[in-house]
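Notes follow the structure.
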Amino acid sequence: MTDTLTEPSSNDLPLLRLDEVSKSWAGRPAVSGVSLEVHAGEAVALVGESGSGKSTLARLALGLVRPDGGAVAFEGRDPARLRARADREVRGRLQFVPQHPRGSLNPALRAGEAVGFALRAHGVPRRQRADRIGELFRQVGLAPELARRFPRELSGGQLQRVAVARALATGPALVVCDEPTSALDPATQRRLLELLTELRERTGTAYLFVSHDLAAVARFAHRTLVLRAGRVVEQGPTDTLWSAPQHPYTQALLAASGPEVALRDPNVRTTVEPNEGPS
Amino acid sequence: MTTNRLPIGVLAGAAALLPVLLAVAAPLLAPADPTAGQLADRLLDPGSAGHLLGTDSQGRDLLSRLLWAARPSLTAGLLPVAVAGLAGALLGIAAGLGGRLTEQALLRTLDVLYAFPGVLLAIAVASLLTPGLGATVLALSVVLTPAVARVAFTETRRIRSAEYLEAARVSGATWPALVLRQVLPVVAPVVLVYATSLVGLAIVYAAGLSFLGLGVAPPTPEWGAMLDELRPAIFTHPWLAAAPALVILGVSVLFNTLGETLRAQVGNRAAPGVPPGEAEGAEPRGTEGTPPQERDAGHDSTTDRDPADGPRPVAPLPAPLVVRLPSRET
């Protein structure tokens, strides 16, 4: 699987750094003491089942949620403290692709307006916006005419592509994806992942990719962190993790979708034969 | 179903426009001076020569008075709704997006106003001011704003933790941009529909204030004031006394129908909405938003909803303050 993944140079400072970050909701800890780093051009996956704190972690990384303890730094700055106008350059380099196709776009705005909003926030003058929207739509494989449609007139896959276009609008260095493919059918899922991979190779964008979809992670991420009940139980290069999972939880996760991973992605080799149970 | 509703919507819109057009064209349409009367012609019944709808107790032409009265009466019906719509939308959005403190401060203040029966509050406010159209407009604006704010607040709350707002915040949008370009497009249609349903009510309230002498001063014609003027004639000339009442009834029903129709229409098309998973839950209300739920594709049946499945369910709106109609008209 490494043939499509070129290991990024982890030379200087990490792009994103979470240091012992914790967050509770109404007294219930969602994330407890998680540290992680994402370097430029790197794709890092966060894997865990529902309730493991992955979405909270994504929002902590984006600065949408402030941590109770620990520190978040994007390019050395706390993303929750970035000011809308003064820091919009930095802000634009940290972008978001949400999970739900129907929830990720404002139902009252046309697809092009959603992208235009991001361009406007980023200070792109009105006259250039229409062209940029068309360009971005083409980049994510959508006909520019679709910009005039409302979200309800687009399919789930198209909506997620618009969400990707919106994230790309501000020239991001890191895109946080909160299970962007989980609500899509397998074929659409694969096409979206191919698009993200292609964009990463072309633009060098780093990804923090939250997922419970192991197949998606296997073909996409350099490194994977396995999250359980708000803690990282195992982490490492994705292929190492798949070939020799250490933690029983990782083994269980793998076993749960092992055969499926192998079927969906011929490049992935798990230690488990598809028709056999795990040891 | 949709094809049945559209003509009704257009029809209701056109019908509601009619009184407005009549008010604008009053100088052209009115057969006589609405304030000058011949005492000799007093209390002529409808159908009398030269007076299609008869005359009032001072011999003034009733049709002319009803037409001219449409101006202050409709102003008192439409203007407060516009003011309340704007103020209520802004207050509701502010409460919906603000922190816990802002929210509580705004909502509890509005609740104090909301706690009074609408008509009582309108009377109280109007009686503090010099009687006139301005007093009526201001009093009704105060009465209607909390109701609109509630609607705007509920709608804002519903979308507050929507993923598209998170994405918009991440793009580095300023708060004004977020409110005007992301929240308002979702909240405005709902507020507009609700406000339309308040016009009929405002017309009745305005008439009530004039009836009590808190509105437009005589001799200027106004429907509520005319109702009061003709009240003594109710046993001798019931049709004359009923005329302004029927006009008030008819016009408010027209606007209510328009409101209902709009509500059905908006419910039909795409009602701005997010998947229920987004809005539900007993989340803690912190200043930094609600916790993202760990979402599972399988749990959310609405994500791959086919737009052709049919209309989204219409979100129930608070009923206008219909229970508090003026009850002192005897």
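Letters A, B, ... are given to chains in the order of the sequence lines, protein chains preceding strands, and every chain is numbered from 1.
With chain B as the partner, the residue from A:Gly123, A:Ala121, A:Ala80, A:Gly27 showing the most heavy-atom pairs under 4.5 Å is A:Ala121. Counting heavy-atom pairs closer than 4.5 Å to chain B, the top residue among A:Glu113, A:Gln95, A:Arg88 is A:Gln95.
At a 4.5 Å heavy-atom cutoff, the contact between A:Leu94 and chain B is made by backbone atoms alone. In this structure, the portions of B:Leu178 lying under 4.5 Å from any heavy atom of chain A include both its backbone and its side chain. Heavy atoms closer than 4.5 Å to chain B are found nowhere in A:Arg83, neither backbone nor side chain.
In terms of heavy-atom proximity, B:Ala173 sits nearest to A:Phe117 at CB-CZ, 3.3 Å. Here the closest non-hydrogen pair linking B:Gly172 and A:Arg91 is CA-CG, 3.4 Å. For A:Ala108 against B:Pro185, the heavy-atom pair with the smallest separation is CB-O, 3.4 Å.
Surrounding CZ of A:Arg231 are at most 12 heavy atoms belonging to other residues, nucleotides or ligands under 6.0 Å away. Counting non-hydrogen atoms of neighbouring residues, nucleotides and ligands closer than 6.0 angstrom, the CZ atom of B:Arg108 exceeds 12 such neighbours.
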### Task
Might you work through the side-chain contact (heavy atoms from CB on, under 4.5 Å) test for B:Tyr164 and A:Arg166, ending with a clear yes or no?
CA-CA 10 Å; B:Tyr164 58 82; A:Arg166 173 180 57 196; 4.3 Å; yes
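Across B:Glu163, B:Gln182, B:Arg181, a single residue satisfies side chain to side chain contact (heavy atoms under 4.5 Å, CB included) together with A:Asn106, and that is B:Gln182.
Rounded to the nearest 0.5 Å, atoms CZ (B:Arg169) and CG (A:Leu82) are 12.0 Å apart.
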